[in-house]
Amino acid sequence: MKICILTPRFPFPENGGDVLRINHIAQYLKSKGHQLCLVSYSECIYPDIDKAVALYDAVYWCKISRWKAYCYSLLYFLVGKPLQCGYYYSSRYKKILKHAIDMEKPDIFVSHLLRMSPYLEKLGVTDKSVVEMTDALSRTYSTSEKASNFSLFKYIYRIERSRIKKYEAQVVQKFPKVVLVSSQDIDYLKTFCHEGASSLSLHTNGVICLPHPDDKYDPRKICFVGNMRTLQNQDAVFRFVENVFPRILREIPDVKLYIVGAQAKKNIYELSSENIVITGYVDNISDIIKNSCLAIAPIYIGAGIQNKVLISMACGLPVVMTSLTAYAIPQLVNGENCMIEDNYDTFAQAVLSLMKNPDLRNSIATAGYKMVQEHYNWNQKLEGYLDW
């Protein structure tokens, strides 16, 4: 079949979990013999077309206009619709999409994230479309009140939460298949999506494991992985640096924290010191983190499965995480294949115990690696993606 995939961000470079996921979905569909057409926005004038055409059979795109995006966001705000749907509305994109459909004549459509599904509704193709919702955003936004800072983000999410919740219910009812990555999000949506709940489908994330994780590591290096444009990752970094890291520094003064992720803003770079390294975007995350003693995932807001956990474990690293992070990965067992702590002091103690005890560190790292290797293969998780 010919499959048309609509994305709000150009999927190269792979600088976030969202584009990483949609590209793996595309690779899976391609492996099944389907032809793929990409219709995407781009934030830059010259996106990496060469990488895109290596995966997608046809590529159509347009640059997002910031001022038009803000104008439509304001308009959608005034009429009570989700701001993000307004931000990603464009008559030019709609025109390009119609041209792509005329040229490629797709059989199936995939909306990457909720914000692109209005185009499929307007085109009247909901009956042959998959909505790759990934996360239940209204659930994510409901936790944003716990953010330690970022009052503007919290205000926007507070406005957006009820609008997104209403639109999520509409999408679940209208589309034949809506994909999420955690069973917790599906259970949450079922509490208010009483009509059409049978459309909800679970296809969690996968990961590519390093074939032979390096036994040699830097006992003084810890890492955090995540795209720094998101509120949950910004909140996690600031919480850790302000409340946990000083406790670790008191016992291990030469420890180094690597914050690995694209789109870091000025306030993140201001954290740089002799003990904190901000890498920004890197071509290969594994190359940067694989020699770390451990990874951290101190997530206190958000929902869904965390790629940072799967990626770190696939590199052979033990991960110290909060219970919110662990919730979406049912195979995690505290003290066996990970360490789960919510309190700042016990989180610091868990990190220190792994840094000071190589046997414990290696035991948890090995168990975590085996867990993701056994349970989080991409092809396994995406099997039947187009079935409904």
Side-chain angles (χ1 to χ4, degrees), residues 17 20 206-226 228 233 236-237 240-241 244-262 264 271-299 306-322 325-326 329 331-341 346-376:
L20 181 70
V207 71
I208 299 175
C209 293
L210 290 182
H212 303 289
D214 197 344
D215 291 334
K216 297 179 181 178
Y217 64 91
D218 184 342
R220 296 293 186 265
K221 179 179 177 180
I222 63 181
C223 66
F224 173 88
V225 175
M228 296 313 301
N233 286 334
V237 164
F240 184 81
V241 170
V244 181
F245 200 47
R247 307 172 196 222
I248 298 169
L249 279 168
R250 284 196 291 268
E251 296 196 34
I252 307 178
D254 58 344
V255 62
K256 284 191 180 293
L257 168 64
Y258 279 71
I259 299 172
V260 184
L271 297 174
S272 296
S273 69
E274 62 177 323
N275 294 103
I276 300 177
V277 178
I278 314 295
T279 69
Y281 171 76
V282 296
D283 286 327
N284 192 319
I285 292 174
S286 298
D287 287 345
I288 300 296
I289 72 170
K290 64 183 180 181
N291 70 333
S292 301
C293 179
L294 60 96
I296 56 167
I299 303 297
Q306 297 293 324
N307 279 324
K308 57 177 60 62
V309 172
L310 301 182
I311 290 171
S312 299
M313 288 185 169
C315 290
L317 306 183
V319 183
V320 183
M321 67 189 76
T322 54
T325 313
I329 305 177
Q331 297 83 9
L332 291 176
V333 179
N334 185 28
E336 181 177 312
N337 54 22
C338 68
M339 300 192 79
I340 304 171
E341 298 290 348
T346 56
F347 198 103
Q349 289 303 316
V351 171
L352 287 167
S353 66
L354 292 174
M355 297 183 75
K356 292 180 177 181
N357 188 335
D359 290 338
L360 176 65
R361 184 265 177 199
N362 292 337
S363 172
I364 291 180
T366 299
Y369 178 84
K370 288 181 178 178
M371 185 275 289
V372 294
Q373 190 177 45
E374 180 179 350
H375 295 284
Y376 288 90

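This one's a predicted model, so the numbers in the text were calculated from it and none came from an experiment. Excluded from the calculations below are hydrogen atoms, water molecules and symmetry mates; all remaining heavy atoms, backbone and side chain alike, are included.
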### Query
What distance do Asn275 atom CG and Arg220 atom CZ have between them, rounded to the nearest 0.5 Å?
12.0 Å
### Met228 side chain near Val237 side chain, heavy-atom distance below 4.5 Å
yes
### Task
Given side-chain contact (heavy atoms from CB on, under 4.5 Å), test Met313 with Leu332 step by step and report yes or no.
CA-CA 11 Å; Met313 288 185 169; Leu332 291 176; 3.5 Å; yes
### Task
Before accepting this row, confirm whether a basic side-chain N of the pair Lys256/Glu274 lies closer than 4.0 Å to the acidic partner's carboxylate O.
no
## Note on the structure
For Gly206 and Leu310, the nearest pair of non-hydrogen atoms, with its separation, is O-CD1, 4.0 Å
### Task
Please check if atom CG in Asp215 has more than 12 non-hydrogen atoms from other residues, nucleotides or ligands closer than 6.0 Å.
no
### Message
Quick check on side-chain contact (heavy atoms from CB on, under 4.5 Å): which of Ile278, Ile311, Thr279, Val277 does Val260 satisfy it with?
### Response
Thr279
### Reported OG1-to-CD1 distance for the pair Thr322 and Ile340, which is rounded to 0.5 angstrom
9.0 Å
### Query
Going by heavy atoms in the side chains, are Tyr258 and Ile276 under 4.5 Å from each other?
no
### Query
Heavy-atom distance under 4.5 Å between the side chains of Ile329 and Met371, does that happen here?
yes
### Query
Quick check: does any side chain N or O of Thr325 sit under 3.5 Å from a backbone N or O of Ala297, one acting as donor and the other as acceptor?
yes
### Message
Rounded at 0.5 Å granularity, tell me how far NZ in Lys290 sits from CG in Asn284.
### Response
7.5 Å
### Heavy-atom pair with the smallest gap, counting every atom of Cys315 and Ser286
SG-OG, 3.5 Å
#### Entry: Verdict with reasoning, Cys223 to Leu317, per side-chain contact (heavy atoms from CB on, under 4.5 Å)
CA-CA 10 Å; Cys223 66; Leu317 306 183; 3.8 Å; yes
### Task
Measure from the side-chain N and O atoms of Ser363 to the backbone N and O of Asp359, and report whether any donor-acceptor pair falls under 3.5 Å.
no
### Task
Might you point out which heavy atoms bring Phe347 and Ile296 nearest each other, and give the distance in Å?
CE2-CG2, 4.0 Å
### Query
What pair of heavy atoms forms the shortest contact from Gly17 to Asn307, and how long is it?
CA-ND2, 3.4 Å
### Query
Is the closest side-chain heavy-atom distance between Arg361 and Tyr217 below 4.5 Å?
yes
### Query
Under a 4.5 Å cut-off applied to non-hydrogen side-chain atoms, are Met355 and Ile222 in contact?
yes
### Query
Hey, is the main chain of Ala350 close enough, under 3.5 Å, to the side chain of Ser353 for a donor-acceptor pair?
yes
### Task
Without swapping roles, check the side chain of Asn337 against the backbone of Gln331 for a donor-acceptor pair under 3.5 Å.
yes
### Task
Decide yes or no for Met321 and Asn334: does some side-chain heavy atom of the first lie under 4.5 Å from some side-chain heavy atom of the second?
no
### Query
Between the side chain of Tyr369 and the main-chain N/O of Ile364, is any donor-acceptor distance below 3.5 Å?
no
### Query
So Asp287 and Val282, side-chain contact (heavy atoms from CB on, under 4.5 Å) or not? Walk me through it.
CA-CA 9 Å; Asp287 287 345; Val282 296; over 6 Å; no
#### Entry: Backbone of Cys293 reached by a side-chain donor or acceptor of Asp218 within 3.5 Å
no
### Task
Would you sort out whether Lys221 and Asn291 count as a side-chain hydrogen bond (donor to acceptor under 3.5 Å, both in side chains), showing the intermediate values?
CA-CA 8 Å; Lys221 179 179 177 180; Asn291 70 333; 2.7 Å; yes
### Query
Just wondering, are more than 12 heavy atoms of other shown residues or ligands nearer than 6.0 Å to NZ in Lys356?
yes
### Main-chain N/O of Leu294 paired with Ser292 side-chain donor or acceptor, under 3.5 Å
no
### Message
With a 4.5 Å cut-off on side-chain heavy atoms, are Ile299 and Asn233 touching?
### Response
yes
### Query
If you measure from OG1 on Thr346 to CZ on Arg247, what distance do you get to the nearest 0.5 Å?
9.0 Å
### Task
With rounding to the nearest 0.5 Å, note down the distance linking NE2 in His212 to SG in Cys209.
12.0 Å
